[in-house]
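Presented below is the structure to which this report refers.
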Amino acid sequence: MRLKKLQDMRAGGFDPFRANAQQTHFSDEALKAHVDGQDNTVAVKVAGRLVVIRDMGKSQFVKILDQQGQLQLYVKKDVIGDEAYAAFKKIDLGDIIGAEGTLFKSKTGEVTVRMEKYTLVSKALRPLPEKWHGLTDSEQVYRQRYLDLIVNPDSRARLMLRSRIVASIRQTLAGRKFLEVETPVLEGVAGGAAARPFVTHHNALGADFYLRIALELRLKRLLVGGYDRVFEIGRIFRNEGVSRKHNPEFTMLEVYQAYSDFHGMMELIKAIFTDLCRDVIGTFEIKHAASGQMINFAGDWRTVRYFDLIDEAAGFKLSALRGAADYPAKATDAAQKLGLEIHAGWQPFEIVNEIFSKKIEPTLIQPTFVTHLPRELCPLAKLNQEDSGLIDVFELCIGGMEVAPAYSEQNDPFVQREMFEKQAGEEQQKMDTDFLLALEHGMPPAGGMGVGIDRLCILLTGAESIRDVILFPSLRPSDAK
RNA sequence: GGGUCGAUAGCUCAAUGGUAGAGCAGCAUCCUUUUAAGUUGUUGGUUCCGGGUUCGAAUCCCGGUCGACCCA
């Protein structure tokens with residue numbers, strides 16, 4: 001039917017796919033441009049997709065949707081003429097039009113464009129999903145996100161907010177003289193984190209490449225190169241499970257600042273959140289979707305040592321036994337008392353971290369800096385001066401999720417090499433020998449931080465799943481119809 | 001990878017093992033300030049795919065595909 005309308009139009013000498021329209025106002029700008037009490041004085045040219053048609057015979061109210069939202073148009077036979085009105089009646093819901101007219105307020109007080117002229121600029125050959133319930137089939141929401149954006153205002157607003165969140169972060173960092181850089185996605189060694197990488201092959205070079213799993217080692221080379229404040233917002237790839245908190249490709253912000261340390265990173269991440277809450281979200285209190293609690297981003301954030309939390313969970317001073325002969329047994333015992341399953345070959349730090357990630361992290365709803373983690377958890381951080389079993393780092397947890405880890409970065413090439421070589425446990429990082437070479441040239445002391453942008457967006461938009469803040473989440477390929 | 005649940009008209013959803021329906025969308029009709037507009041009429045199905053049981057399967061069984069949730 002719609003195809004026939006298109007064919008008729010083309011036979012009549014008009015092809016909507018060859019037409020265009022002008023846009024002087026977005027919908028929200030048009031709404032603001034109306035002057036109270038002065039109807040039909042302001043002329044606008046608007047454009048968008050027809051999403052509502054209320055036909056009353058010789059006149060109709062319709063609504064178009066553009067980037068900023070919906071705008072009502074009033075189409076009157078007397079105004080646009082018999083011929084144009086007859087043609088307008090043939091337009092379908094979902095078609096894209098440009099319209100010119102003047103602004104007025106309807107009987108019910110809605111600012112509306114009195115349409116004088118219109119142009120059909122694109123024909124929709126397929127119908128829109130239902131207007132009231134929207135599109136709820138999650139598979140279609142993800143696979144055909146464009147339909148979700150057209151009919152589900154929540155999705156539209158949430159994903160637009162993500163764009164503004166990223167823009168705000170860039171602005172905060174630029175204001176502090178950070179340089180935004182781009183580093184390779186294809187790497188010979190996927191380092192900087194412990195994760196299974198995706199592998200691909202470069203034909204001309206005859207070599208396998210890995211998609212990066214972190215940005216860290218490249219950005220630190222830039223510190224060596226004399227760029228003292230650098231950051232990258234980029235996609236990284238981990239060939240692991242998919243869940244509400246995990247997508248195989250996700251966006252990471254990594255920041256490195258020379259002559260700073262993990263305390264400096266605390267200040268920086270607070271500044272980023274403060275700017276976001278004030279400029280983008282408009283509130284410092286955000287509801288946590290999973291728990292229903294309000295997360296308060298204002299004021300001082302709690303800072304607590306990793307092992308203090310462990311001791312609290314265990315119910316006794318487990319940390320005092322670190323290094324003692326019965327530490328592994330006591331740690332296993334404590335974990336099992338908490339109902340955790342401990343695998344036979346696990347190192348003590350793995351057992352303790354199981355307690356942290358299963359029993360503690362999910363309870364950290366309010367912003368919390370967890371500091372002084374065991375050294376085995378990250379080979380790239382500086383060792384604590386007082387206790388070389390610990391590292392000078394924090395893990396920022398919010399909403400029960402790890403949102404941002406930060407370190408005082410290890411810049412001693414000997415210690416760094418040793419840390420790589422001595423790695424224990426299941427999760428081990430690959431040794432990047434060129435990175436060690438770079439360290440040997442001298443890297444300034446620095447604070448560094450990684451921020452999972454997707455998780456940040458989950459928190460700030462009150463979303464329930466990572467898929468709600470990623471435009472096109474990874475799905476198993478399926479044969480398109 | 002394991003478990004649970006789901007897939008029916010373009011969309012949102014119904015349908016004791018017995019003729020597959022409704023609302024919206026579409027089509028036609030009436031209506032010159034509507035707000036999920038309203039009115040009258042009406043079209044529309046490979047019930048995800050492949051097997052099996054049965055006189056008869058959207059429904060029961062087996063296998064598969066895709067998705068959601070939970071667990072690892």
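Chain identifiers are assigned alphabetically (A, B, ...) following the order of the sequence lines, protein sequences preceding nucleic acid strands; residue numbering begins at 1 within each chain.
Nucleotides B/C49 and B/A58, compared at atom P, are 11 Å apart to the nearest Å. Nucleotides B/C60 and B/A72 place their C1' atoms 33 Å apart, quoted to the nearest Å. To the nearest whole angstrom, the two C1' atoms, one in B/A9 and one in B/G45, are 6 Å apart. Comparing B/G56 with B/G17, their C1' atoms sit 8 Å apart, to the nearest whole Å. Using C1' as the reference atom, B/C31 and B/C48 are 43 Å apart when rounded to the nearest Å. Here, B/A25 and B/U43 have their C1' atoms 12 Å apart, quoted to the whole Å. Nucleotides B/G6 and B/A14, compared at atom P, are 11 Å apart to the nearest Å. Rounded to whole Å, the P atom of B/G44 lies 11 Å from the corresponding atom of B/G21.
Comment: A/D55 engages A/K89 in a salt bridge, judged by a side-chain N to carboxylate O separation of less than 4.0 angstrom. The pair A/K123-A/D92 counts as a salt bridge, with a side-chain nitrogen and a carboxylate oxygen less than 4.0 angstrom apart. Under the 4.0 Å criterion applied to side-chain N and carboxylate O atoms, A/R49 and A/D95 are not assigned as salt-bridge partners. We find that A/K337 and A/D333 are joined by a salt bridge, their nearest charged nitrogen and carboxylate oxygen being less than 4.0 Å apart. In this structure, A/E187 does not pair ionically with A/R212, as no charged nitrogen and carboxylate oxygen lie closer than 4.0 Å. Under the 4.0 Å criterion applied to side-chain N and carboxylate O atoms, A/D148 and A/R145 are assigned as salt-bridge partners.
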Go along nucleotides 67-72 of chain B 5' to 3' and tag each nucleotide: B for a protein heavy atom under 4.0 Å from its base, S when only backbone or sugar atoms are that close, - otherwise.
SSSS--

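A donor and an acceptor atom, one from each side chain of A/N40 and A/R114, are located under 3.5 Å apart. Side-chain contact check for A/H372 and A/D308: no donor-acceptor pair (N or O, by modelled atom type) lies under 3.5 Å.
For A/K107, no side-chain nitrogen or oxygen approaches OP1 or OP2 of B/U33 to under 4.0 Å. Under 4.0 angstrom from either OP1 or OP2 of B/C27 there lies at least one side-chain N or O belonging to A/K5. An OP1 or OP2 oxygen of B/A25 is reached within less than 4.0 angstrom by a side-chain nitrogen or oxygen of A/K131.
Contact annotation for A/V52: backbone-only contact, meaning every heavy-atom pair under 4.0 Å involves sugar-phosphate atoms and none involves a base. The residue A/F104 sits close to a base: some heavy atom pair falls under 4.0 Å. As judged by a 4.0 angstrom heavy-atom cut-off over every strand, A/E341 is placed among residues making no nucleic acid contact. At the heavy-atom level, A/D92 lies under 4.0 Å from the strands shown only through sugar-phosphate atoms. Here A/Q72 lies in heavy-atom contact (under 4.0 Å) with a base.
Atom NZ of A/K330 has 12 or fewer heavy atoms from other residues, nucleotides or ligands within 6.0 Å.
Between the P atom of B/A25 and the CZ atom of A/R54 lies a distance of 11 Å, rounded to the nearest Å. Atom NZ in A/K105 sits roughly 17 Å away from atom C1' in B/U34 (whole-Å rounding). Residue A/D55 contributes atom CG, which lies 14 Å from atom C1' of B/U33 at whole-angstrom precision. Atom C1' of nucleotide B/C27 and atom CG of A/L93 are separated by 14 Å, given to the nearest angstrom. If you measure from atom CD of A/Q70 to atom P of B/A36, you get 12 Å, rounded to the nearest angstrom. Straight-line distance from the CD1 atom of A/I53 to the P atom of B/U33: 18 Å, rounded to whole Å. One can place CD of A/Q144 at 14 Å from C1' of B/C66, the figure rounded to the nearest angstrom. Taking atom NZ on A/K58 and atom P on B/C30, their separation rounds to 9 Å, with Å as the unit.
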Strand RNA chain B in bracket notation, Watson-Crick/G-U under 3.5 Å with | for pairs to another chain:
(((((((..((((....[..)))).(((.(.......).))).....(((((..]....)))))))))))).

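Residues A/L460 and A/F273 approach most closely at CD2-CE2, 4.3 Å, considering heavy atoms.
Sequence order on RNA chain B of the closest nucleotides to A/G134 and A/E110 puts A/G134 first from the 5' end.
Applying the 3.5 Å distance criterion, the base of B/U12 shares no donor-acceptor pair with the side chain of A/T136.
Taking the six-membered ring for Trp and the full ring otherwise, A/Y210 and A/F198 have centroids separated by 6.0 Å or more.
Looking at the side chain of A/E130, the nearest of the listed nucleotides B/A36, B/U32, B/C24 is B/C24.
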